[in-house]
Amino acid sequence: MIKKWELLDSRTDKDYKIFKINAVQATSPRTSGVGEFYTIETNDWVNIIPVTENREVVMIRQYRHGSKEITLEIPGGLVEEGHPEKAALRELLEETGYTGEYAECIGAVNPNPAIFNNLCYTYLVENARKTSAKNLDPDEDIEVILMPISEIPSLIERGMINHALVIVAFHYYFLKKGCS
């Protein structure tokens, strides 16, 4: 039977402001050997699926430095402080200029338990509507696109949406709402 490893030491190896790299030493319960591992410590994240009254998803296109590609995604970001729901509504407004009356949490996942300590929450905002201009951070460049919800499965299948956490968010959506 698998057992938890005994933590011997954990120290910050490098602090990058929005995340820290930690060096962790732990003892294997199976071999009693000591291993060193590196983990990423960061705040939780949020993804938002904003759906208009016309059943269109408010999506964003932006350049991603990791993949060096322009991606099709949903709004999202870091939970800087407070409850994830507040962060979801804040990110939606800042990145798109859209708001909604209520954000419903429809799921949460650990982005990669091998190295991350956080969760990514998915919120659904129905009847989203444009209420203001975008308010982007200096390092953001975002294009807002309205996409019929019925086209999302095809966009995923064709690789047009390939961000893993966005695909998981839509998985939660379709589990909740069905594929229609």
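Computed from a predicted structure; not experimentally measured. Any value given below was found using the heavy atoms of this structure, including those in side chains, with hydrogens, waters and symmetry copies removed.
- By the neighbour-count criterion of 12 heavy atoms within 6.0 Å, atom CD of E36 is densely surrounded, having more than that number from other residues, nucleotides or ligands.
- Side-chain contact between K177 and I149 is absent, with no heavy atoms from C-beta onward closer than 4.5 Å.
- Here the CE atom belonging to M59 is positioned 12.5 Å from the CD1 atom belonging to I142, to the nearest 0.5 angstrom.
- A salt bridge links E104 with K176; the closest basic N to acidic carboxylate O contact falls under 4.0 Å.
- In this structure, P111 and F116 approach most closely via the heavy-atom pair CB-CD1, 4.4 Å.
- Looking at heavy atoms from C-beta onward, F170 lies in side-chain contact with V57 at the 4.5 angstrom threshold.
- Between K86 and E80, no side-chain nitrogen of the basic residue sits less than 4.0 Å from a carboxylate oxygen of the acidic one, so the salt-bridge criterion is not met.
- In this structure, L146 CG and N54 CG are separated by 9.0 Å, a value rounded to the nearest 0.5 Å.
- Counting heavy atoms from C-beta outward, I40 and N117 have side chains that stay 4.5 Å or more apart.
- Y173 places a side-chain heavy atom less than 4.5 Å from the side chain of L124.
- Linking ILVMFWY residues whenever their side-chain heavy atoms come closer than 4.5 Å, directly or via other members, places I152 and M160 in the same cluster.
- Counting only heavy atoms from C-beta outward, the side chains of R11 and D13 approach each other to under 4.5 Å.
- With contacts defined as side-chain heavy-atom distances shorter than 4.5 Å, the pair T42/K20 does not qualify.
- At a threshold of 4.5 Å between non-hydrogen side-chain atoms, the residues Y63 and K68 count as touching.
- With a 6.0 Å cutoff to the six-membered ring centre and a 45° limit on the axis angle, K14 counts as a cation-pi contact of Y16.
- Test E95, E140, E143 against R61 for salt bridge (charged side-chain N to carboxylate O under 4.0 Å, His left out) and you get one pass: E143.
- At a threshold of 4.5 Å between side-chain heavy atoms, the hydrophobic network of Ile, Leu, Val, Met, Phe, Trp and Tyr places M147 and V166 in one connected group.
- Residue I106 comes nearest to A169 through the heavy atom pair CD1-O, 4.3 Å, listed as atom of the first residue, atom of the second, then distance.
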Check your understanding: Do T12 and I21 pass the side-chain contact (heavy atoms from CB on, under 4.5 Å) test, and can you show the C-alpha distance, the side-chain angles, and the key distance before you say yes or no?
Key -> CA-CA 6 Å; T12 299; I21 304 294; over 6 Å; no
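- Annotation: side chain of N47 is not in contact with side chain of Y121 (no heavy-atom distance under 4.5 Å).
- Closest non-hydrogen pair, P84 versus V46, comes out as O-CG1, 3.5 Å.
- A distance of 12.0 Å separates CD of E151 from CD1 of I156, quoted to the nearest 0.5 Å.
- Both I145 and I74 are members of a single hydrophobic cluster when ILVMFWY side chains are connected at heavy-atom separations under 4.5 Å.
- Rounding to the nearest 0.5 Å gives a distance of 11.0 Å between CD of E85 and CD1 of I48.
- Between L78 atom CG and I18 atom CD1 the span is 6.5 Å, to the nearest 0.5 Å.
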Practice item. Might you work through the side-chain contact (heavy atoms from CB on, under 4.5 Å) test for L92 and T99, ending with a clear yes or no? Key: CA-CA 7 Å; L92 174 61; T99 58; 5.6 Å; no
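- At a threshold of 4.5 Å between side-chain heavy atoms, the hydrophobic network of Ile, Leu, Val, Met, Phe, Trp and Tyr places V24 and W5 in two separate groups.
- When every heavy atom of N22 is checked against every heavy atom of S10, the shortest pair comes out as CB-OG, 4.3 Å.
- Taking every heavy atom of both residues into account, N43 and V79 meet most closely at ND2-O, 2.8 Å.
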**Study point:** From CA spacing to verdict: side-chain contact (heavy atoms from CB on, under 4.5 Å), T131, L93
**Key:** CA-CA 8 Å; T131 58; L93 180 62; 4.1 Å; yes
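- A donor and an acceptor atom, one from each side chain of T71 and E69, are nowhere located under 3.5 Å apart.
- For K130 (side chain) and T96 (main-chain N/O), a donor-acceptor pair under 3.5 Å exists by modelled atom type.
- Judged by distance alone, the side chain of N110 and the main-chain N or O of N112 form a donor-acceptor pair under 3.5 Å.
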Exercise for review: Let me see the working for R64 and E73 under salt bridge (Lys or Arg N to Asp or Glu O under 4.0 Å), right down to the final yes or no.
Suggested key: CA-CA 11 Å; R64 291 300 196 174; E73 303 178 13; 2.8 Å; yes
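- A donor-acceptor contact shorter than 3.5 Å is absent between the side chain of D137 and the backbone of D139.
- Using a 4.5 Å cut-off between side-chain heavy atoms of Ile, Leu, Val, Met, Phe, Trp and Tyr, with links allowed through other members, V168 and F174 fall into the same hydrophobic cluster.
- When every heavy atom of A128 is checked against every heavy atom of Y98, the shortest pair comes out as C-CD2, 4.0 Å.
- Crowding of D15 atom CG: a count of heavy atoms from other residues, nucleotides or ligands under 6.0 Å exceeding 12.
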